[in-house]
Amino acid sequence: MFKFLFRKDADVNNKIIEIDKNSLPKHVAIIMDGNGRWASEKRLPRIAGHREGMQTVKKVTRFASNLGIKVLTLYAFSTENWKRPKEEVDFLMKLPSDFLNSFLPELIEKNVKVKVIGNIHELPEHTLNALEEAVLKTEKNSGLILNFALNYGSRDEIKQAVQHISKQCLEGSLLVDNITEDLISKTLMTKNIPDPELVIRTSGELRISNFLLWQIAYSELIFSDVYWPEFNEVHFTDAIINYQNRTRRFGGI
Ligand code: V07
């Protein structure tokens with residue numbers, strides 16, 4: 001009864017109350033924050049939060065794939081995260097292979113294509129091997145692109161793009177006047193991936209924290225108070241409905 005009133009309320013305010021499959025964001029990017037805090041509140045070690053957060057990654061990937069979203073970018077490890085205690089970093093570096101050992105067959109079955117952005121060559125060899133196997137085995141898939149940002153920092157990405165473009169100018173293969181926004185986009189690690197229409201950050205922090213700075217110029221931003229290990233299909237649905245209510249065009253165009 002109460003729920004019904006809420007829905008009616010939403011309707012009166014001209015808001016949609018369920019996902020419109022015809023106007024999905026093509027690319028959703030998520031800052032998966034709150035794993036450590038979730039664990040602390042439960043008096044568990046921080047790594048227990050990361051492990052549970054990994055289960056959320058599986059749930060959210062299934063959901064995005066079933067819904068028909070084209071790209072899901074997940075911020076798994078930032079260039080800042082090396083400052084954490086060594087034991088925690090060592091644990092985090094095992095998560096990609098843990099994840100893929102149990103989940104790669106399902107990703108293949110669901111036609112998901114795994115990609116990675118970030119300075120992956122600075123990762124431990126065992127981590128890199130797991131990533132390369134997943135990327136290779138899903139290379140030809142045409143469904144959801146599951147894009148992990150690992151050892152990623154947006155300023156570092158832009159710095160590398162500037163270095164690359166500058167070298168071409170100095171060599172004489174590029175004119176300064178031919179540096180366009182499009183060329184810059186194509187020099188970033190996200191080349192071939194459209195900009196995200198929707199960015200979600202969990203756990204109540206209201207910052208972007210060096211994530212996809214160039215790419216989110218026009219993105220809708222949604223901040224959820226829920227810790228990442230507790231984020232589920234309902235929260236994801238709410239975020240998409242919220243996005244669609246913001247971007248909906250009344251009466252066409
Ligand atoms: C990590 C779990 C999710 C919450 C955020 C921090 C901890 C999945 C991966 C992963 C990465 C690449 C890949 C397959 C899976 C992962 C790290 C941390 C470093 F190909 N979750 N997850 N990687 N967390």
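Both ligands and their constituent atoms are indexed starting at 1 by order of listing. Here the structure is a predicted model, which means the values were calculated and not measured. Just the heavy atoms: all of them, side chains too, but no hydrogens, waters or symmetry mates, feed the values below.
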Please state which part of [X] comes within less than 4.0 Å of ligand 1, counting heavy atoms only: side chain, backbone, both or neither.
X	result
V116	neither
L74	neither
L92	both
L100	side chain

Going by the order shown, which atoms of ligand 1 are within less than 4.0 Å of some heavy atom of [X]?
X	value
G53	2 (C), 3 (C)
A76	6 (C), 16 (C), 17 (C), 18 (C), 19 (C), 23 (N)
F148	8 (C), 9 (C), 10 (C), 11 (C), 12 (C), 13 (C), 14 (C), 15 (C), 20 (F)
N35	4 (C), 5 (C)
L95	1 (C), 7 (C), 18 (C), 24 (N)
L131	12 (C), 13 (C), 20 (F)
M32	3 (C), 4 (C), 5 (C)

Got a salt bridge between R62 and E106, using NZ or NE/NH1/NH2 to carboxylate O under 4.0 Å?
->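 Salt bridge: yes.
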Heavy-atom side-chain contact between N35 and T56 under 4.5 Å =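 Of all side-chain heavy-atom pairs linking T56 with N35, none is under 4.5 Å.
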Crowding at NZ, K70 (>12 non-hydrogen neighbours, <6.0 Å) =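 No - once you tally the heavy atoms of other residues, nucleotides and ligands closer than 6.0 Å, there are 12 at most.
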Identify which one of V112, I145, I108 satisfies the side-chain contact (heavy atoms from CB on, under 4.5 Å) criterion when paired with T138.
->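 Going through V112, I145, I108 one by one, the side-chain contact (heavy atoms from CB on, under 4.5 Å) with T138 is satisfied by I108 alone.
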Judged by modelled atom types alone, do [X] and [Y] share a side-chain donor-acceptor pair under 3.5 Å?
X	Y	result
Q244	D20	no
S142	N111	yes
W214	S185	yes

In Å, rounded to the nearest 0.5 Å, how long is the span from CH2 of W82 to CE of M93?
->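 Between W82 CH2 and M93 CE, I get 4.0 Å after rounding to 0.5 Å.
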